[in-house]
Amino acid sequence: MFRKAHFFFTALYGGTTSAIIVILSLFYLYTSQKNLWENLFDSFENDIGTIAASLEQSSDVSMQWLAGIEFQNSYEIFIIDNNVPFLYNTLHDRTGGGSLTLLTESLNAGSGTSASTDTASHVNNYSGIRHSEYRFHSPSANRYYFCSLINMERDSSASQIVILDSLESVQESIRKQRLLFLCLDLGAAAVLFTLAWFFTGFLLKPLRENHEKQTRFIAAASHELRTPLAVILASSECCRTSDEAQRDGFFQTIAKEGRRMNNLINDMLTLTRADIQNFPLNRRPSELDTICLNAYESFEPLCRREGLSLSLVLPDAPIERCTCDPDGIAQALSVLLHNAISYTPPGGFVRLTLSYHKDRHASFEITVSDTGIGISDEDKRHIFDRFYRSEKSRSSKEHFGLGLAIAHEIIRSHHGSITVQDNPGGGSVFTVRLP
Ligand code: ADP
């Protein structure tokens, strides 16, 4: 599911951004090339205007002068005298088959009968001299030309000068520019798709982790619920075939497993509410020393029964009240004390300490230390995970591995912290800090 989403969002982000870049570069290419053609055409028109003005002033056309213009501007110039192409200059053979075809194509384009696609025209009128400029494509040379057709009517004769400016070098640089943009676009698309792949992976990571966490939670919950349920089903089955005395024992088992299931379901509901940000916190100014004292009084009998010694250390002077949910804090403390009692062998010590630090960020600190079995460094990394139990405590039926997860959620929702360290004298120390 996440793999599919990863591909889909990569294609979406990468495709969209690449399409935008391609559209922008096409637009840039179109406008820059259009401007280039227009500027070149304007400059060609200006040159032709100058030539036409010179022709107008001189009484006859000097072949030497035309050859000079042709050489200077890399033009190709043809003269047509009374509709016959005229060999105006022996230095330039313009009568070859290729040149004549080009001449015919340019004239056809000018008269609008050619297949030439994008001709543009401009006409200037002088007395006796008319000229028009246009662009045409020569199929035989496979290139574009600017063409100027100068009509000269003098006395009774009519002659035409055809000036062609090859655009081969311009076409070549346009081709190079298009190739460069194609390479740039492909490179940009490759970079964008790679970035989109990592970016999407980065975005999906917390979702994937959350999903995996949920799946693990459901699997572990089902597993934990299956055991008491199996016992209940087996016991109820046995009730039918057993006598009165045995039945009593089975009923007790059913009730015990029922209570176990009830506790587990309550714990799971608490965690689910924390997940959907619906943790029932009832914050109010509360006296943490009273909460600690109540916890001490509740657990003292249990400690005595287990052969443990429980002590309570409170600040000497009265401390400020803490804005917190007293029931939530009491629940977290009861998890810590219950664990300390469960994992400390008889004869051990459990200590509950409250202190108040009135520095720049005033904070309350509650520690629960024991002289029990201790927690390995590997376990320390996981004990706040749901359904996590260390190897040593797996056999215990009373523990589901949800207590510390719940305590962690409660303290987290108070914007506090809960940490665990080794007790220097053996055992563990859990420290809760509340702002
Ligand atoms: P559980 O219900 O199993 O105690 P918790 O979430 O409260 O679940 O604790 C997770 C695990 O952390 C326990 O299984 C146990 O291995 C370890 N643990 C918690 N508190 C202590 C402690 N005071 N001493 C040693 N191990 C502890």
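Atoms considered below: every heavy atom in the structure, side chains included; atoms not considered: hydrogens, waters and symmetry mates. First listed ligand is number 1; within each ligand, the first listed atom is number 1.
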- Item | is_close_aromatic(Tyr28, Phe181), centroid dist under 6.0 Å | yes

- Centroid-to-centroid, Phe387 to Phe217, below 6.0 Å? yes

Heavy-atom closest pair, residues [X] and [Y]:
| X | Y | value |
| --- | --- | --- |
| Tyr296 | Leu352 | N-CD2, 4.4 Å |
| Leu333 | Ala295 | CD1-CB, 4.3 Å |
| Ala11 | Phe193 | CA-CE2, 4.1 Å |
| Cys292 | Leu312 | CB-CD1, 4.0 Å |
| Arg283 | Thr323 | NH1-O, 3.9 Å |

With a heavy-atom distance limit of 4.0 Å, tell me whether [X] approaches ligand 1 through its side chain, its backbone, both, or neither.
| X | value |
| --- | --- |
| Asp379 | neither |
| Ile375 | side chain |
| Phe430 | side chain |

List every atom of ligand 1 that sits less than 4.0 Å from any heavy atom of [X], numbering the atoms from 1 in the order shown and giving each element.
| X | result |
| --- | --- |
| Gly403 | 5 (P), 6 (O), 7 (O), 8 (O) |
| Ile383 | 6 (O), 10 (C), 11 (C), 12 (O), 17 (C) |
| Gly401 | 1 (P), 2 (O), 3 (O), 6 (O), 8 (O) |
| Gly374 | 25 (C) |
| Leu402 | 6 (O), 8 (O) |

- Query: Would you say ligand 1 has an N or O under 3.5 Å from any N or O of Asp370?
  - Reply: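 In this structure, Asp370 places an N or O atom under 3.5 Å from an N or O of ligand 1.
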
